[in-house]
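Worksheet: the structure to be examined is printed underneath.
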Amino acid sequence: MLSVLFMQNQIDQLKAFHKMPVGEACEVTSQIEKEYQEQRKKLRLILLSSTTMA
């Protein structure tokens with residue numbers, strides 16, 4: 001069975017040096033990426049609205 005070992009951790013959902021099956025690692029990283037993209041969209045909207053108000 002193939003596993004993924006995350007070497008560094010800057011994200012709460014992933015523990016450093018924790019072995020995870022490939023399928024689970026794909027699901028977790030996909031969910032993290034979706035959350036990150038949503039945060040970026042919100043930040044862009046905030047920045048755009050603040051620059052138009054200035």
**Prompt:** If you group Ile, Leu, Val, Met, Phe, Trp and Tyr whenever their side-chain heavy atoms sit less than 4.5 Å apart, what else falls in with L45?
**Reply:** none

**Prompt:** Mind checking who shares a hydrophobic cluster with M7, ILVMFWY linked at side-chain heavy-atom distances under 4.5 Å?
**Reply:** L5, F17

**Message:** Do Y36 and L14 sit in one hydrophobic cluster, given that two such residues count as connected whenever their side-chain heavy atoms are within less than 4.5 Å of each other, even indirectly?
**Reply:** no

**Asked** Can you list every pair that meets salt bridge (charged side-chain N to carboxylate O under 4.0 Å, His left out) and has a residue in residues 38-48, with sequence neighbours left out?
**Response** E38-K41

Please table the atom pairs, donor to acceptor, closer than 3.5 Å between any side-chain atom in residues 18-29 and protein atoms at least two apart or in another chain.
unit_1: T29; atom_1: OG1; unit_2: A25; atom_2: O; d: 2.8
unit_1: T29; atom_1: OG1; unit_2: C26; atom_2: O; d: 3.2

**Asked** Quick one: side chain to side chain donor-acceptor pair (under 3.5 Å) partners of E33, sequence neighbours excluded?
**Response** Q37

**Prompt:** Between Q31 and E35, is any side-chain donor less than 3.5 angstrom from a side-chain acceptor?
**Reply:** yes

